[in-house]
> 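Below you will find the structure I want to go over with you.
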Amino acid sequence: MPSESSFVERILKSLTRAQTDLAMTAVQFINVSKQYRLGVTRVSLPSMITDRIKRLRSPDIEHAAQAQRLWALQDVSFDLPPGECLALIGPNGAGKTTILRLLSNISKPSKGTVVTRGRMSALLELGAGFHPDLTGRENIYLNAAILGLRKQYVNRRFDEIVDFSGLEEFIDTPIKRYSSGMVVRLGFSVAACIQPDILLVDEVLAVGDAAFQQQCLSRIDQLVKSGTGIIFVSHNLYMVQAICTRALYLQHGRVQALGGVREAIDIYERDVHIQRALNAKHATQKETAGDGEVAITAVTVSGTSPTAEGGVLLSDAPATITVHYNSAIETGPVNASIFIKRSDGLTCCMIRTSSNGHRVFLRRGTGVLSVYLDRLQLITGSYEVHAYFLNESDSLPLTPTAARSEWFVVKGSTLGSPDNSGVYEPLAKWISE
Amino acid sequence: MIDDLKRLIDSRELLWAWTGRNIKARYQQSVLGWLWAILQPAAQVVIFTVIFTLFVPVNTGKTPYILFSYAALAPWAFLSSAIVDMSTSVVGNMSLVTKIYFPREVLPVSAMLARLMDLGVATGLLIVIMVYVKVPPYPLGWLFLPLVLITQILLVLGIGLASAAASVFYRDVQSVLSLVVQLWFYASPIIYPVSAVPERFRAPYFLNPMAGILEAYRDVLLYGRLPGTTFGVASAISVCVFLVGYWFFKRTEFVFADIV
């Protein structure tokens, strides 16, 4: 059967072609740099005249408007294969938004090349093209047109878009009467119902309620599975970990780390902690100079396990939190409170002398108070400890602000799979009957 | 530039959608709605007709003054409103320009198209006046109407695109434009006939492309004659203005998001 075999051949050929297409990258950055001008870039005629006069009077003073230049990106290279989710992490001003702008062809790199393949969709600011006076329906078509979609295409998917947004009732209402959450829902629905080859997501999921966020995340997951390459920008490192497989850590426009999401986040968090520790040192120095009668001079966390190395504590090993204080008075009974905080600010637990039935009296001069934890029970991540002293009725803080420990890193007991999620690791025993 | 035009044609759906948005948004909460497209030039015509027939009589030949001035005022209203709208079209949508890529000329071009609809509405009134005054129809001349209109559109596009781009860099452009449009009004044969311009000033006078274009509108609609050489000059200038304006716009569009 020659015709059948040729048919099979054709299918095989198209399959291999599809595979090579897939093997191609969706996005490629090759040694990209981008420079912006800062400061006064344009001079108005009146200011030029007054400047001239000023300079005539005092020629040694520099009045010229100096156009400062800033490298927003320097020599950045990475690529994104289809079906992969790459996170861009780093502090504000690191160049994340600049990368998105270069990707979406809004501005051009000063040096290097940016290559993108396929249809691009951006979730940068949801509903950026919405007009408040137009109805939801009109805005769907308008926004889709801005994203480069044909009207017929939108017609076919209109119901799906409205369904996803859950705004059937209000679809013919001008969106100026929508709540801000509704506008965001509508915006995401349009952008997500396209099947883009590349999707840029910039911190948009921070808005919207939890249910909506969940809906967005599952949609993103679905897109990744269908081969969309996603670039995800967020400051929520836990969300980044949940969605992305790789991460690019930027600082001052330079690549600090590019690789697995866990490793990149570790490096980022370590840098953040070094920075915070420096800031905190300045802050505490100022604070302890304050008027409080009781001052906490240091908070330390130490492990007892011999395997703890370089400040890394083990989750399943005991740990001791020690509070060093300096008191000007002999106090009555006080409450000591200790909070363990995760790097994103979540309070993991609160340990209080009052709730443990322990009475503390501070003596005059320096003293030490410690609490021993049988098991740390925290998952892999970085944490810090905040400590306070309050009076017995909790109505008056004895220390002006919380004293903070240095950041410490905890390694979860499940060493094989470090990307454990949740908050703590309970001491668990499985029983099957 | 041909590639740019192709890309613009590819995004025609966005062009229509954005034009529709401009029109709808403009008349959304107004009682008179699209009637404003007539009221604006009509009010001016009434004033001018009173002044230039009763107070300071202007000789417009056999054509009644009201028709004479309205035939030029309607296209002029299109030009001035379109240029002003176009110049603010990019600056006014900066939040969009810095977020999403699409051919940037969609913004000014659709601002122009929205005003073109106003011209269509205003033309309705012109036809009513023409029928009322019983102007003899001149079908051969009407064949030239699209050509005259296209020439005017090219002129508007050239100036509008250039000022839309320039506005991003210098906000003075808005003020300069309103001043220029005001002066330009008196430098064009709108409220007076070309015959009132002294013979020796005629050559420089027709360097103003609007002079040739407005005369061509009147020739074809009112006087029953074909556009003259002055229209040829106006066309050549308009094409040049368009090319320069479009080139300037495309050359600067990638800097828009960097400037803000």
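Values below: all heavy atoms of this structure, side chains included; hydrogens, waters and symmetry mates excluded. Just so it is clear, the model here is predicted, and its values are computed rather than measured. Letters go in sequence order (proteins before strands), and every chain restarts at 1.
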> Using 30° and 60° as the class boundaries, would you call the ring planes of W76(B) and W184(B) parallel, tilted or perpendicular?
perpendicular
> Please output the residues of residues 13-27 of chain B in contact with chain A, using a heavy-atom cutoff of under 4.5 Å, in numerical order.
E13(B), L14(B), A17(B), W18(B), R21(B), K24(B), A25(B)
> Any chance you could measure I106(A), atom CD1, to R101(A), atom CZ, to the nearest 0.5 Å?
6.5 Å
> What distance separates N93(B) CG from T98(B) OG1, expressed to the nearest 0.5 Å?
10.5 Å
> Within this structure, what is the CD1-OG distance for the pair I150(B) and S238(B), rounded to the nearest 0.5 Å?
12.0 Å
> Quick one: which of K108(A), K151(A), E138(A) has the most heavy-atom pairs under 4.5 Å with chain B, could you say?
K108(A)
> Determine whether R7(B) and D4(B) satisfy the following criterion, salt bridge (charged side-chain N to carboxylate O under 4.0 Å, His left out), listing intermediate values before the conclusion.
CA-CA 5 Å; R7(B) 220 165 294 142; D4(B) 293 333; 3.7 Å; yes
> Applying salt bridge (Lys or Arg N to Asp or Glu O under 4.0 Å) as the test, list every pair that has at least one member in residues 142-152 of chain B; sequence neighbours left out.
none
> Quick one: does any side-chain atom of S167(B) pair with a main-chain N or O of S87(B) as donor and acceptor, under 3.5 Å?
yes
> I213(B) pairs by side-chain contact (heavy atoms from CB on, under 4.5 Å) with which of T151(B), N208(B), I237(B)?
T151(B)
> Which donor-acceptor pairs under 3.5 Å do the side chains of residues 90-98 of chain A make with protein atoms, sequence neighbours left out?
unit_1: N92(A); atom_1: OD1; unit_2: H235(A); atom_2: NE2; d: 3.2
unit_1: K96(A); atom_1: NZ; unit_2: G90(A); atom_2: O; d: 2.8
unit_1: K96(A); atom_1: NZ; unit_2: P91(A); atom_2: O; d: 3.1

> Heavy atom to heavy atom, less than 4.5 Å: which residues from residues 101-116 of chain B reach chain A?
Y101(B), F102(B), R104(B)
> Look at the rings of F29(A) and F78(A) and say which category their plane angle falls in: under 30° parallel, 30 to 60° tilted, over 60° perpendicular.
parallel
